[in-house]
Structure formats: C-alpha cells, structure tokens
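In listed order, ligands and their atoms are each counted from 1.
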Amino acid sequence: QAGEAVPAAQKSSWTSFLKSLAGFTGDLSAMTAPPFILSPTSLTEFPAYWCERPELFAAIADGKTEQARAFAVLKWFISTLKGQYTSRNESMGSEKKPLNPVLGELFYGYWPANAARGGKTTLVVEQVSHHPPITAYRIENLEKGVILTGHSAQKTSFSGGSIIVKQVGHATLTVSLPSGETEEYLITLPRLRIDGLWYGSPYIELAETSYIQSSTGWLSTIEYKGKGYFSGKSHTFKATLTPPSHVHTSPHVIEGTWHTTSKELHSGVTFHDVTSPKEEITVAPVEQQGEWESRKLWHGVATGIREGDFESAATFKGKIENEQRQRRRDESANGTTWELKHFKHIEYDPVYERLGKLFKANPPTEDGYVYLGNSPRSES
Ligand code: CLR
C-alpha cells in the first residue's frame with residue numbers, strides 16, 4: 001500500500017516529496033524531505049564503508065602474483081558492497097537521506113593494527129565541493145603498502161518510480177611491492193536504483209557494470225542484477241576476472257549475491273562471505289573533535305534527528321547554512337576562495353586516463369583529487 005512505512009502525520013509531505021522528484025535531475029541532496037526519512041549521518045562518513053573488513057584490504061599486499069593480487073582486490077571490493085549499499089536498511093530500517101556535507105567538512109578515523117591485518121589503517125575524508133557535492137577520501141595501510149584514493153559525487157534522476165543514481169568519480173588503489181614497484185588499480189562504480197519509494201521504505205539495488213582495471217592488465221568486470229533478472233534474486237552479481245592478453249589462463253568467473261556470499265563458478269569454492277560482522281571505524285569522541293569534523297559540526301542536527309526533535313534539528317541546520325552563506329559572501333567580497341586541507345583538484349587523473357584506455361572506460365577521462373597529506377589531528 002502507498003506510504004505504508006510513512007508516519008501518518010508525514011504522508012502528505014512524503015507524497016509531495018515524491019511528486020517533486022518526478023522530472024527532477026541534478027542534486028537531490030539539497031532537496032527538502034520529510035523528517036522520517038532523514039539520517040543523522042553526513043555523506044562524509046560514507047567512505048569508511050571501503051574498509052570495514054580491514055583484513056581484506058591488507059590482504060591485497062599478501063598476494064604473491066599479479067593474478068593473486070587482482071583476485072584479492074576484487075574480493076575486497078565485492079565485500080564492501082553490503083556495507084556501502086544496505087547498512088542504512090540494517091541500522092535504520094530503510095535507506096535514508098544523509099546530511100549534505102558543507103565545503104571543508106572533515107571526517108577522520110582508523111581501524112587499529114592487529115596481527116591479522118598488520119598496521120593501522122587510517123581514513124581521511126574531506127568535502128571538496130558543495131555545489132555539486134563532492135567527497136574526496138584516502139585510506140592507507142602504510143605498513144602493508146596499500147592505499148585507496150578516490151572521490152565521489154552523484155547525478156540523480158527519476159524514472160519509473162525509482163531514483164536513478166549515476167556515481168560520478170572513481171577510486172584508485174595502489175600496492176607497493178617488495179620489489180619497489182607500484183601496482184595500480186582503477187576502480188569504477190556501479191549505478192544505483194533506489195526502489196521502494198512508493199511505500200516510504202527506500203532501498204538500493206545495483207545495476208549495470210563496474211570495472212577494476214589493474215596496471216598489470218588483469219581486469220574485473222562486474223555485472224549487477226536485481227530481482228527479476230538472471231537469477232531472480234536481488235543483489236545478484238557476476239564478476240569475471242580476465243587475464244591480460246599475454247597470459248594464457250582461463251578467467252575466473254564468480255557468481256552470487258553481494259550482501260551474502262558468492263562462489264567461483266568452475267570450482268564451486270566460496271569467493272566472498274560477508275555474513276560475519278564487519279568492523280566499524282574508530283572515531284575520536286565529539287568533544288575531542290575540531291570544528292570542521294563531521295560529527296562535531298552536525299552534532300546539534302544529528303541529536304535533533306535522533307531524538308525526534310525536528311524543530312531543534314532545523315534550527316541547528318539553519319545556523320550551519322547561514323554561516324556557510326556568510327563565508328561564501330565574505331570570500332567573494334575579499335576575492336578569496338576556500339582552501340582545501342588534504343586534497344588538490346586536477347583536471348585529468350593520469351591513472352584514470354592510462355588504465356581507463358585498457359577497457360575503454362566511459363568517459364575516457366575524469367578529473368581527480370590528489371592527496372596532499374597534511375595529517376589530521378593525530379590519533380593514537
Ligand atoms: C555515496 C558513496 C558511497 C556509496 C553510497 C551509498 C548510498 C548513496 C550514497 C553513495 C550517495 C547519496 C545517496 C545514497 C543513498 C540515498 C542518497 C544516493 C553513492 C540520496 C542523496 C538520498 C535519497 C533520498 C531518498 C532516500 C528519499 O560509497
């Protein structure tokens with residue numbers, strides 16, 4: 001039934017939200033939505049999903065051959081999808097509308113070192129643009145020599161009752177080998193469809209194809225299907241890891257559902273299994289955070305949302321927005337621009353250009369963000 005999951009008092013505001021979506025293209029994050037669908041978490045926290053199984057991230061460095069490392073990268077990537085795309089359903093009952101980060105917003109955290117994964121793994125996130133929203137991130141396990149750098153933006157449209165989200169941006173992963181050489185991987189991102197809107201309980205389905213291209217020539221092609229497609233099950237994928245032309249081994253073919261398990265087609269051996277708990281990132285307590293850190297910055301708003309005090313949430317949100325507007329006005333009056341802390345924008349990402357050619361990436365070039373370092377507040 002329509003609006004089944006919507007609180008009675010918010011049904012009409014949900015309906016008008018859905019109506020305003022029809023024919024809409026662009027930046028969904030700036031749209032006003034009814035309170036029941038608001039999440040207290042900012043989008044700057046989302047890059048943490050890349051590393052909630054830090055041992056799989058670290059294990060990439062343990063691969064003894066080009067093939068073994070490409071295989072490990074694919075396994076780590078597939079194992080992040082459950083967290084990336086279903087965790088709000090698990091923690092809050094449905095997909096929700098995240099807080100729209102402000103320019104310069106930061107999110108820092110880490111996963112502690114242990115024997116299984118070697119060194120500490122750190123995350124640095126910065127909101128590098130507000131209009132349109134773009135989030136840049138860096139994840140490092142320096143002891144293992146595995147580094148992920150990426151940026152994330154979305155283009156949304158509305159079609160057939162669903163929100164279609166094209167992910168703009170990409171990630172690059174580098175592995176420093178004992179030989180001193182560096183292996184690179186270009187990671188592209190799947191398309192999202194947000195279904196269940198009519199009922200007021202949105203959830204994500206992945207669609208189309210994404211790629212992981214290694215500088216060694218190994219290529220993973222990952223196809224996503226939902227209910228009603230090849231297996232009929234939701235969250236289905238098929239990944240094919242193909243060797244470079246000079247290597248004469250047969251490709252690995254993997255099938256399964258990304259939120260549970262998958263198998264290698266020919267051997268029947270389990271490929272990935274995310275039914276065990278993941279490990280959330282460790283973040284400094286709000287009292288110890290700086291002004292620009294996400295949980296500190298949004299604390300008032302998040303508390304309001306969590307406690308159902310939407311008036312107070314709106315007041316705090318209004319303060320943040322006014323302050324932002326004033327900053328932008330001051331900058332244009334002074335002829336200055338906001339300076340990023342950890343990243344520098346580049347028109348063309350050389351890794352994207354070089355590796356994208358190998359599988360005819362579309363688009364053929366993309367911009368990127370180079371990590372500048374400038375370590376955050378140190379955590380121990
Ligand atoms: C951000 C990058 C992450 C993966 C990811 C997961 C969920 C996506 C999010 C990205 C972008 C913003 C998003 C969200 C789901 C819903 C939300 C598309 C791609 C939109 C802005 C809000 C929709 C509002 C309805 C739920 C009402 O690695």
Student: Flag the pair Glu353 and Lys357 as a salt bridge only when some basic side-chain nitrogen lies within less than 4.0 angstrom of an acidic carboxylate oxygen.
Tutor: no
Student: Just need the protein heavy atom nearest to atom 25 (C) of ligand 1, so name the residue and atom and give the distance.
Tutor: Ile163 CD1, 4.3 Å
Student: Is the number of heavy atoms from other residues, nucleotides or ligands within 6.0 Å of NZ (Lys263) greater than 12?
Tutor: no
Student: Short check: is a protein heavy atom less than 4.0 Å from atom 13 (C) of ligand 1?
Tutor: no
Student: Can you tell me the protein heavy atom closest to atom 26 (C) of ligand 1 and the distance?
Tutor: Pro202 CG, 3.8 Å
Student: Starting at SG of Cys51, measure out to CG of Leu148 and round the result to the nearest 0.5 Å.
Tutor: 8.5 Å
Student: Main chain of Gly226, side chain of His235: is a donor-acceptor contact present, judged purely on distance under 3.5 Å?
Tutor: no
Student: Salt bridge or not between Glu279 and Arg117? Use side-chain N to carboxylate O under 4.0 Å.
Tutor: yes
Student: State the atoms of ligand 1, each with its element, that fall below the 4.0 Å cut-off from a heavy-atom position in Phe17.
Tutor: 27 (C)
Student: For residues Asp273 and Thr261, is any side-chain donor paired with an opposing acceptor at under 3.5 Å?
Tutor: no
Student: Under 4.0 angstrom from ligand 1, any heavy atom of Tyr49?
Tutor: no
Student: Give the single entry among Ile37, Thr80, Leu43 that approaches atom 9 (C) of ligand 1 most closely by any heavy atom.
Tutor: Leu43
Student: With heavy atoms of Arg88 as the reference, note each atom of ligand 1 found under 4.0 Å away.
Tutor: 6 (C), 7 (C)
Student: Glu66 and Ser214: side-chain donor and acceptor closer than 3.5 Å?
Tutor: no
Student: Please list the nearest protein heavy atom to atom 11 (C) of ligand 1 with its residue and the distance rounded to 0.1 Å.
Tutor: Gln154 CD, 3.5 Å
Student: Name the closest protein heavy atom to atom 17 (C) of ligand 1, giving the residue it belongs to and the distance to 0.1 Å.
Tutor: Pro98 CD, 3.9 Å
Student: Between the candidates Val168, Leu38, Val165, which shows the shortest non-hydrogen contact distance to atom 18 (C) of ligand 1?
Tutor: Val165
Student: Contact between ligand 1 and Ser152 is defined here as a heavy atom of the residue under 4.0 Å from a ligand atom; is it met?
Tutor: yes
Student: Return the residue, atom name and 0.1 Å-rounded distance of the protein heavy atom closest to atom 19 (C) of ligand 1.
Tutor: Gln167 OE1, 3.5 Å
Student: Which atoms of ligand 1 are found less than 4.0 Å from any heavy atom of Tyr85?
Tutor: 4 (C), 5 (C), 6 (C)
Student: Does NZ or CZ of Lys75 lie under 6.0 Å from the centre of the six-membered ring of Phe271, at an angle within 45° of the ring axis?
Tutor: yes
Student: Between Ile194 and ligand 1, which part of the residue brings a heavy atom under 4.0 Å of the ligand: side chain, backbone, both or neither?
Tutor: side chain
Student: At what distance is the nearest protein heavy atom to atom 23 (C) of ligand 1, and which residue and atom is it?
Tutor: Leu28 CD2, 3.4 Å
Student: Run the contact test for Ile204 against ligand 1 with a 4.0 Å cut-off on heavy atoms, strictly below, and give the result.
Tutor: yes
Student: Are any of the side-chain nitrogens in Arg328 or Glu331 under 4.0 Å away from the carboxylate oxygens of its partner?
Tutor: yes
Student: I'd like to know whether the aromatic ring centres of Trp14 and Phe36 sit less than 6.0 Å apart in this structure.
Tutor: yes
Student: Is the gap between the ring centers of Phe71 and His252 under 6.0 Å?
Tutor: yes
Student: What protein heavy atom is closest to atom 3 (C) of ligand 1, reported as residue, atom name and distance in Å?
Tutor: Gln84 OE1, 3.4 Å
Student: Among all protein non-hydrogen atoms, which one is nearest to atom 8 (C) of ligand 1, and what is the separation to 0.1 Å?
Tutor: Leu192 CD2, 4.0 Å
